[in-house]
Amino acid sequence: MVFTLLISVVWLLFTLAFFIFTTTHFALLFAIGSFIVWLWLVLSVYLVKGKLHCEIIAANELYKNEQMGYQLRVENTSRLPVTQLHMHLVIEHVFTGRQESHEHILSIPAKSAEEFAFILPQKYMGQVTIRMKQITIKDSFAFFRSVQKIDTQSAMLIMPNLYFLKLQRIEQNQHVLQTPGAIPMKKIDGEELADVSVYKPGDSVKQIHWKLSSKVDELFVKQHDTLIGDAVMMTIDFTSFTKRVALYDEFIETFSALLYSYVAGHHEVQLLVDHTTSEQLTIKNEHEAALAIKEVLTRSASALSMSDEQWKRLRKTYPHCIVLTTNNARSTEYQTIVISENREGSAV
């Protein structure tokens, strides 16, 4: 605002001085032309202010390594075009708190709405928020400017891409994957037809083998065997997290790869997601695994961290629990996988 006023005053004083001290027709024409140009540039900035409406359009959920981008929709309701519209955006990785500032310079015709597509500056994973708090309107020569306050934002949840998981982490921790959890439970993975028998009073009508019964004069019922497998206990610990986006990505990818490997091995996974309330998620298939990963991605570092007291209680209650942690001090504990700057992907 101060810069705009200063430029206006200097311009007007120069034009006035030129007209006073140069008594020619050219000086008169210069003064009139300068006034018209000055008036147009000022009006093109101030009459547009407050008549621009901006919106950030982004997918609610997508996968890493896909086309990760967003759109800016700008509507100009004034009768004047905007030749230079500077849009100031802040992209924040919610879990780590890392912020990046970006500026886009656009031009918008009068009485129109335009959409512009942009790519995220880096391949994030987790929750990402794109915020815009102000826009700056400038004239064609960038002499004058006005700032319009605006408050709009959009959030995205970026999931790990299953096809690009770091499977070498699985190979490095095969002995972890092959160790069953300590919780003595079994999971029902499905049923298979084992035999048929003659229908007796009390048998469920749903179990009648209609196809076979239609060929004979008696009713037969199906006898099934239930398929069972071992259950595995898992949890994660972001204690001593360094706030690095790359480290967070590696942690989530390793966790996701382990989780899907257990599910593929017909294990039921009990995931401890809250160390304060002991909240657990039961994971039996890939769909539930995806929901569990989404649940982890939407939680803060403090919610996924363990105090020393909680750590001791976990090891006492579930001594065989698989723990992924960023705390190197806990690397000597049994069934612990450390993901950190110093020891990434190590398992004890």
With side chains defined as the heavy atoms from C-beta onward, is the minimum distance between [X] and [Y] less than 4.5 Å?
X: Phe116; Y: Leu106; result: yes
X: Leu72; Y: Leu89; result: yes
X: Leu80; Y: Trp40; result: yes
X: Met234; Y: Ile337; result: no
X: Val128; Y: Phe95; result: no
X: Val296; Y: Phe255; result: yes
X: Thr276; Y: Gln310; result: yes
X: Pro160; Y: Met125; result: yes

- Could you go through the side-chain contact (heavy atoms from CB on, under 4.5 Å) check for Val273 and Gln280 one step at a time? CA-CA 6 Å; Val273 292; Gln280 297 183 19; over 6 Å; no
Would a distance-only check, ignoring hydrogens and angles, find a side-chain to backbone donor-acceptor pair under 3.5 Å from [X] to [Y]?
X: Arg315; Y: Cys321; answer: yes
X: Lys111; Y: Thr77; answer: yes
X: Asn327; Y: Thr239; answer: no
X: Asn76; Y: Pro109; answer: yes
X: Glu253; Y: Glu250; answer: no
X: Gln270; Y: Thr282; answer: no
X: Gln148; Y: Gly50; answer: yes

- Message: Assess the residue pair Thr136 and His88 against the criterion (side-chain hydrogen bond (donor to acceptor under 3.5 Å, both in side chains)); give the C-alpha distance rounded to whole Å, side-chain angles, the decisive distance to 0.1 Å, and a yes or no.
- Response: CA-CA 8 Å; Thr136 303; His88 311 273; 3.0 Å; yes
Taking all non-hydrogen atoms of both residues into account, name the closest pair between [X] and [Y] and its distance.
X: Ser107; Y: Thr83; answer: CB-O, 3.4 Å
X: Met87; Y: Ile135; answer: CE-CG2, 4.1 Å
X: Tyr46; Y: Ser146; answer: CE2-CB, 4.1 Å
X: Glu92; Y: Gly97; answer: OE2-CA, 4.1 Å
X: Asp139; Y: Gln84; answer: O-NE2, 3.2 Å
X: Leu297; Y: Gly126; answer: CD2-CA, 3.9 Å

- Query: Would you call the rings of Tyr124 and His93 parallel, tilted or perpendicular if under 30° counts as parallel and over 60° as perpendicular?
  - Reply: parallel
Determine whether [X] and [Y] fall in the same hydrophobic cluster, where Ile, Leu, Val, Met, Phe, Trp and Tyr are linked whenever their side-chain heavy atoms lie under 4.5 Å apart.
X: Ile137; Y: Leu47; result: yes
X: Ile252; Y: Val94; result: no
X: Ile130; Y: Val90; result: no
X: Ile105; Y: Tyr70; result: no
X: Ile119; Y: Met159; result: no

- Message: Can you tell me which residue among Val232, Ile293, Leu291, Leu271 is in a side chain to side chain contact (heavy atoms under 4.5 Å, CB included) with Ile283?
- Response: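 So, applying the side chain to side chain contact (heavy atoms under 4.5 Å, CB included) to Ile283 and each of Val232, Ile293, Leu291, Leu271, only Leu271 qualifies.
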Rounded to the nearest 0.5 Å, how far does [atom2] of [Y] lie from [atom1] of [X]?
X: Ser278; Y: Tyr318; atom1: OG; atom2: OH; result: 6.5 Å
X: Asp249; Y: Thr254; atom1: CG; atom2: OG1; result: 10.5 Å
X: Met156; Y: Gln127; atom1: CE; atom2: CD; result: 11.0 Å
X: Thr277; Y: Leu272; atom1: OG1; atom2: CG; result: 8.0 Å
X: His267; Y: Met233; atom1: NE2; atom2: CE; result: 15.5 Å
X: Ser78; Y: Leu52; atom1: OG; atom2: CG; result: 6.5 Å

- The side-chain hydrogen bond (donor to acceptor under 3.5 Å, both in side chains) partners of Lys149 (sequence neighbours excluded) come to Gln134
- How would you list, by chain and number, every residue that makes a side-chain hydrogen bond (donor to acceptor under 3.5 Å, both in side chains) with Thr298, sequence neighbours excluded?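 Partners of Thr298 under the side-chain hydrogen bond (donor to acceptor under 3.5 Å, both in side chains) test: none.
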- Query: Can Asp237 and Thr325 be said to form a side-chain hydrogen bond (donor to acceptor under 3.5 Å, both in side chains), step by step?
  - Reply: CA-CA 5 Å; Asp237 171 33; Thr325 182; 2.9 Å; yes
- Message: Please determine whether salt bridge (Lys or Arg N to Asp or Glu O under 4.0 Å) holds for the pair Asp308 and Arg330, giving the CA-CA distance in whole Å, both sets of side-chain angles, and the decisive distance to 0.1 Å.
- Response: CA-CA 10 Å; Asp308 291 339; Arg330 294 172 178 173; 3.1 Å; yes
- Dump the intermediate steps for salt bridge (Lys or Arg N to Asp or Glu O under 4.0 Å) on Asp274 and Arg299, then the final yes or no. CA-CA 10 Å; Asp274 195 316; Arg299 298 202 176 215; 3.7 Å; yes
- Message: I'd like to know whether the aromatic ring centres of His104 and Phe118 sit less than 6.0 Å apart in this structure.
- Response: yes
- Message: Could you walk me through whether Leu85 and Lys138 satisfy the side-chain contact (heavy atoms from CB on, under 4.5 Å) test, starting with their C-alpha distance in whole Å, then the side-chain angles of each, then the deciding distance to 0.1 Å, before giving a yes or no?
- Response: CA-CA 6 Å; Leu85 178 62; Lys138 295 183 180 181; over 6 Å; no
- Query: Please walk me through it: do Thr96 and Arg244 pass side-chain contact (heavy atoms from CB on, under 4.5 Å)?
  - Reply: CA-CA 7 Å; Thr96 61; Arg244 286 182 56 239; over 6 Å; no
- Under the side-chain contact (heavy atoms from CB on, under 4.5 Å) rule, what do Arg73 and Cys54 come out as? Steps first, then yes or no, please. CA-CA 6 Å; Arg73 186 180 187 278; Cys54 303; over 6 Å; no
- Task: For the pair Lys294 and Glu61, evaluate salt bridge (Lys or Arg N to Asp or Glu O under 4.0 Å) and give the outcome as yes or no after the intermediate values.
- Result: CA-CA 10 Å; Lys294 187 184 301 184; Glu61 182 180 322; 2.9 Å; yes
